[in-house]
Amino acid sequence: MNTTISPLKIILFLLGVLIIGLPFIALLLSSLAAGWRWPDLFPASFSFRAWDYILFGSAGTWQSIGTSLLIALIVTILNVVLAVPAANALVRFQFRGKWLAEAILFAPIIIPPFVAVMGIHLTFLRFGLTETILGVVLAHLSPTLPYMVRAVVISYSTLSTERENQARMLGAGPLLRFYYIVLPHLLPGITAGASLSILISLSQYLITFIIGSGQVVTLPILLFPFISGGDPAIGSAYSLMFAGMAILALLSLDVALKNYYKKKDVRSNGEGGE
C-alpha cells in the first residue's frame with residue numbers, strides 16, 4: 001500500500017526540526033568558537049579549548065554530573081513514595097480541610113522558589129542540613145512534588161474501585177491489589193511525574209546554591225557562572241552537556257517503562273497459553 005506524504009507535512013516537519021535544532025547548532029558553534037564577534041554570522045576561528053576544559057580539565061564536570069543525577073534520582077523516588085498515598089487520599093476520600101491540603105501541596109507551582117527556599121534555608125541551618133546532599137534533596141522536593149502529585153491524581157481519578165473490590169473478595173491483600181491492579185494503572189502518570197521531577201531537579205540552581213552553599217556542586221552550579229559573563233564557549237559546552245544529560249535520563253526512563261510493559265505482556269501471554 002503506497003502512502004504519499006503531503007508537501008505541507010514535509011514543510012512542517014522541516015520547520016519543527018529547524019526550530020528545535022537551531023539553538024543546539026548555535027550552542028555547538030559557540031562551544032567551538034575561538035572568537036565570535038558581532039555581527040559575524042560564523043566564528044572567525046574554531047578551537048576545542050572549551051571541550052578540553054570540561055571533559056579533561058580539573059573542572060569537576062563528571063563529579064557534578066554524578067551528583068546531579070544522584071540527587072534527581074533520589075528526589076524522584078521520594079516523590080513517588082509521597083505522591084501515591086497523597087493522590088489516593090485526595091481522590092478517594094472526603095475530609096475536612098481538603099482544599100487547604102491541596103493548596104499547600106500545589107502552592108510551590110505558583111509561589112516563586114526564592115520565597116520558599118529562604119525559609120527552608122533557615123530551618124535547615126538549625127538541623128545541620130545545609131551543605132549536604134540530603135539537604136539539597138529535601139529542598140528539591142518543594143518544586144518537584146506538586147507535579148508528581150498532580151500527575152498521579154489524574155491517574156487515580158480514572159481508576160475504578162471495582163477491580164480492587166473483586167480482588168479483595170478473592171482474598172488478595174492490600175499489597176497484591178496495589179501491585180497487580182493499582183500500580184499498572186498509575187504507571188503512565190508516575191512516568192509523566194517522574195519525567196518532570198527529573199527535569200526540574202536537574203535544572204535547579206538557586207535552591208542548590210543556597211542550600212548546598214557551594215559545597216554540593218551540580219552541573220547548573222558549574223554552568224551559570226560561565227553563561228552569566230564568564231567564558232561563553234565553556235558555557236555553551238556545559239549547556240550542551242546539560243541537555244544531553246537530561247535527554248539521557250529521560251530516555252533511560254522511557255526504556256525502563258517499555259521493558260516493564262514488554263515483560264508484563266510476555267507474562268500475560270504465558271499465563272494465557274497455559
Side-chain angles (χ1 to χ4, degrees), residues 20 67-125 127 129-130 133-159 182-183 185-212 216 218-221 223-224 227 239 242-243 245-247 249-250 252-254 257:
I20 295 174
T67 303
S68 298
L69 292 174
L70 176 63
I71 292 173
L73 177 62
I74 297 175
V75 168
T76 302
I77 293 174
L78 290 177
N79 277 333
V80 173
V81 173
L82 295 173
V84 170
N88 179 63
L90 291 175
V91 172
R92 295 186 170 180
F93 297 96
Q94 296 296 329
F95 52 90
R96 183 176 299 177
K98 181 179 178 180
W99 66 271
L100 180 60
E102 291 179 338
I104 294 174
L105 280 173
F106 299 126
I109 298 178
I110 303 173
I111 299 175
F114 184 77
V115 176
V117 75
M118 295 309 298
I120 294 173
H121 184 247
L122 292 175
T123 303
F124 281 11
L125 279 174
F127 290 96
L129 292 174
T130 56
I133 290 181
L134 176 60
V136 173
V137 166
L138 295 177
H140 279 200
L141 291 177
S142 175
T144 57
L145 182 59
Y147 294 95
M148 179 67 78
V149 172
R150 183 58 184 165
V152 181
V153 161
I154 294 174
S155 294
Y156 253 120
S157 62
T158 60
L159 175 62
V182 178
L183 183 59
H185 189 87
L186 297 182
L187 205 54
I190 291 176
T191 304
S195 301
L196 291 172
S197 175
I198 290 172
L199 290 177
I200 295 172
S201 177
L202 288 177
S203 62
Q204 287 302 314
Y205 170 75
L206 181 64
I207 292 178
T208 304
F209 180 74
I210 293 177
I211 302 300
V216 179
T218 58
L219 196 56
I221 298 296
L223 166 65
F224 269 75
I227 65 175
S239 298
F242 176 82
M245 178 183 65
I247 292 172
L250 293 180
S252 300
L253 186 64
D254 182 65
L257 183 64

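Side-chain contact check for P108 versus L145: every heavy-atom pair is 4.5 Å or farther apart. A 4.5 Å side-chain heavy-atom check between I211 and H121 finds at least one atom pair inside the cut-off. Between V149 and L90 the shortest side-chain heavy-atom distance falls below 4.5 Å. Contact of the S203 side chain with the F242 side chain is registered, since non-hydrogen atoms from C-beta on lie closer than 4.5 Å.
Here L186 contributes atom CG and T158 contributes atom OG1; the two are 8.0 Å apart, rounded to the nearest 0.5 Å. To the nearest 0.5 angstrom, T67 atom OG1 is 11.0 Å from I221 atom CD1. Annotation: the span from L183 atom CG to I190 atom CD1 amounts to 5.5 Å, rounded to 0.5 Å. Between atom CG of residue L105 and atom CG of residue L82 there is a gap of 9.5 Å, rounded to the nearest 0.5 Å. For the atom pair CD of Q204 and CG of L206, the computed distance is 8.0 Å after rounding to the nearest 0.5 Å. Here the OG1-CD1 distance, from T76 to I71, works out to 11.5 Å after rounding to the nearest 0.5 Å.
Every pair passing side chain to side chain donor-acceptor pair (under 3.5 Å) that includes a residue from residues 90-111 is listed here, sequence neighbours excluded: R92-E164. Sorted by first and then second residue, the side chain to side chain donor-acceptor pair (under 3.5 Å) pairs with a member in residues 134-156 read N79-T144, H140-S201, H140-T208; sequence neighbours excluded.
Scanning both residues, A72 and I198, for their nearest heavy atoms gives CB-O, 4.3 Å. Nearest approach of A139 to F124, heavy atoms of both residues: N-CE2, 4.1 Å. Of all heavy-atom pairs between P146 and F106, the closest is O-CE2, 3.6 Å. In this structure, F95 and A101 approach most closely via the heavy-atom pair CE1-CB, 4.4 Å. Here the closest heavy-atom approach between residue A83 and residue M148 is recorded as CB-CG, 3.3 Å.
Contacts of I74 classified as side chain to side chain contact (heavy atoms under 4.5 Å, CB included), with partners at least two apart in sequence or in another chain: L70, L78, V137. Under the side chain to side chain donor-acceptor pair (under 3.5 Å) criterion, S68 pairs with no residue, sequence neighbours left out. In this view, F224 and Y205 satisfy the ring pair (Phe, Tyr, Trp, His ring centres under 6.0 Å) rule, not counting sequence neighbours. Residues passing the side chain to side chain contact (heavy atoms under 4.5 Å, CB included) test with A246, sequence neighbours excluded: L199, L202. Remark: L73 engages I77 in a side chain to side chain contact (heavy atoms under 4.5 Å, CB included) (not counting sequence neighbours).
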* To do: Could you please spell out the steps behind the side chain to side chain contact (heavy atoms under 4.5 Å, CB included) verdict for V136 and I207?
  => CA-CA 7 Å; V136 173; I207 292 178; 5.7 Å; no
